[in-house]
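Below is one structure, written out as structure tokens; comments come after it.
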Amino acid sequence: MQLNHKELAGIPIFLGLSEKDLTEISRTTRFNLRHHKKGGTIVEEGDACTSLVSVIDGWIETDTYSDNRAYHLEELVQATQILEPDKLFGLSLHYHSRCRAYTTCESVSISKEELTQIFERYMIVRLNYLNLICRRTQLLERQPWQPKNTELTDRIAAFIKQRSTYPTGRKILHIKMAQLASELNVSRLDVSNALSAMNEADKIIQRRGMIEVPALQLL
């Protein structure tokens, strides 16, 4: 299916291209445009990543599990978003998170083969793609060098931030209090007191087995 140049211009890897180039890409590239009903799965955890998938309209919710399945984090984010662009190449070629439609959504996918041909023709697209990958890598690289938090409330906030793919928006951490205490190497009572303080400060909404952060950027 073909997209017009205005629709393509909203996808991050095509930023900076001229209208002529966008029209040419639209004319010569096969795109798969999909409509997703509310609650429908866009990509599933563990699926092979064979295409670059961009959600271009609506809101999505991602769900990422710890390796031992002891806890998981849900994130709510608005389109436009490219889903796990780092999984298209490299050692790990499977999605790490499940992504579902929080509202009705539209997504566009480009096969790896088609994208490689675009890379060969347009350097700016290659650079945009590399910028997406490098941004995430550089953020992860900085984490071990950041000052350690001493306050438990700050450590809980850091625990959620370090596991978030998107730096803003609503997050819901599904975790038992005993598990969080074990992850932070403190007592369950200490965690309970810290969460109560954060709840009273309106930074989180605490429920049984979950911690909701209305806006991560304000945590």
Side-chain angles (χ1 to χ4, degrees), residues 11-16 42-43 45-55 60-99 110 112 115-116 118-119 122-175 179-186 191 194 198 203-204 211 213-219:
I11 300 176
I13 63 168
F14 296 123
L15 292 177
I42 302 174
V43 300
E45 176 192 5
D47 281 354
C49 181
T50 57
S51 301
L52 191 71
V53 180
S54 301
V55 180
I60 59 173
E61 190 172 60
T62 64
D63 197 3
T64 309
Y65 278 79
S66 63
D67 286 351
N68 61 1
R69 315 299 286 186
Y71 60 91
H72 60 108
L73 180 69
E74 294 180 2
E75 302 184 64
L76 182 64
V77 63
Q78 188 176 17
T80 297
Q81 299 292 336
I82 297 180
L83 305 182
E84 301 191 44
D86 55 310
K87 300 302 190 301
L88 195 59
F89 301 94
L91 187 62
S92 176
L93 301 175
H94 294 80
Y95 288 105
H96 185 221
S97 306
R98 180 189 182 194
C99 176
I110 312 170
K112 189 173 184 177
L115 186 61
T116 301
I118 295 174
F119 285 163
Y122 303 97
M123 178 178 287
I124 192 169
V125 179
R126 297 202 302 272
L127 293 176
N128 286 337
Y129 181 81
L130 285 172
N131 282 335
L132 290 175
I133 308 302
C134 291
R135 186 183 309 144
R136 179 64 175 166
T137 301
Q138 289 165 0
L139 289 173
L140 292 172
E141 184 183 53
R142 288 170 51 196
Q143 286 183 6
W145 303 99
Q146 294 172 351
K148 295 293 183 182
N149 296 307
T150 56
E151 294 292 332
L152 186 52
T153 53
D154 292 335
R155 292 176 61 194
I156 292 172
F159 183 89
I160 297 172
K161 289 177 180 179
Q162 288 170 2
R163 287 156 180 79
S164 298
T165 301
Y166 306 97
T168 61
R170 193 192 77 178
K171 319 289 176 183
I172 301 179
L173 178 64
H174 296 261
I175 191 170
Q179 181 65 38
L180 182 57
S182 176
E183 295 287 338
L184 297 174
N185 196 29
V186 295
V191 168
M198 296 172 77
K203 292 187 175 182
I204 66 167
I211 302 165
V213 180
L216 186 67
Q217 65 274 22
L218 302 179
L219 187 60

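Numbers here simply count residues along the sequence, with the first being 1.
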Pair M198, L219 - check side chain to side chain contact (heavy atoms under 4.5 Å, CB included), show working. CA-CA 9 Å; M198 296 172 77; L219 187 60; 3.8 Å; yes
Audit row: L115, L88, side chain to side chain contact (heavy atoms under 4.5 Å, CB included) steps and yes/no: CA-CA 10 Å; L115 186 61; L88 195 59; 3.5 Å; yes
side-chain hydrogen bond (donor to acceptor under 3.5 Å, both in side chains) involving R98 - partner list, sequence neighbours excluded: T41
Shortest non-hydrogen pair, G90 vs L93, comes out as O-CD2, 3.5 Å
Derivation and outcome, side chain to side chain contact (heavy atoms under 4.5 Å, CB included), residues L216 and K171: CA-CA 7 Å; L216 186 67; K171 319 289 176 183; 3.6 Å; yes
CA sep, side-chain torsions, deciding dist, call: V213, I172, side chain to side chain contact (heavy atoms under 4.5 Å, CB included): CA-CA 6 Å; V213 180; I172 301 179; over 6 Å; no
When you compare the side chain of Y65 with that of H96, does any pair of heavy atoms fall below 4.5 Å? no
The single option from L152, T153, D154 passing side-chain contact (heavy atoms from CB on, under 4.5 Å) against I156: L152
Check: E74 side chain, L173 main-chain N or O, donor-acceptor pair, under 3.5 Å: no
Mind checking whether I133 and F89 have side chains closer than 4.5 Å, heavy atoms only? no
Could you pull out all residues at least two apart from R170 that satisfy salt bridge (Lys or Arg N to Asp or Glu O under 4.0 Å)? E61
Identified side-chain contact (heavy atoms from CB on, under 4.5 Å) partner of I175 from the options I160, V191, L180: L180
What's the spacing between L132 CG and L15 CG if we round to 0.5 Å? 8.5 Å
Measure the spacing between OG1 of T64 and OH of Y95 and express it to the nearest 0.5 Å. 13.5 Å
How many angstroms lie between OG in S97 and CG in L73, if you round to the nearest 0.5 Å? 9.0 Å
Does the side chain of S164 come within less than 4.5 Å of E75's, by heavy atoms? yes
Nearest-0.5 Å distance, OG1 of residue T165 to CG of residue L83: 10.5 Å
Using only atom types and a distance under 3.5 Å, with no angle test, would you say the side chain of D47 pairs donor to acceptor with the backbone of V43? no
Are any of the side-chain heavy atoms of I82 and V53 separated by less than 4.5 Å? no
Test of understanding: with side-chain hydrogen bond (donor to acceptor under 3.5 Å, both in side chains), list the residues that count as partners of K87, not counting sequence neighbours. E84
Does K203, at its NZ atom, have more than 12 non-hydrogen atoms belonging to other residues, nucleotides or ligands within less than 6.0 Å? no
Shortest non-hydrogen contact from P12 toward T80: CD-CG2, 3.9 Å
Restricting to pairs with a member in residues 151-170, which pass ring pair (Phe, Tyr, Trp, His ring centres under 6.0 Å), not counting sequence neighbours? Y71-F159
Holding to ring-ring contact (aromatic ring centres under 6.0 Å, His included), I want the full list of residues that pass it with H174, two or more places apart in sequence or in another chain. H72
Whether the side chain of N68 engages the backbone of A70 through a donor-acceptor N/O pair (distance < 3.5 Å, no angle test) should be reported. yes
Once rounded to the nearest 0.5 Å, what's the spacing between atom CG of L52 and atom OH of Y129? 6.5 Å
Inter-residue atom distance R155.CZ - E183.CD, 0.5 Å rounding: 11.0 Å
Side chain to side chain donor-acceptor pair (under 3.5 Å): which pairs involve residues 135-144, sequence neighbours left out? none
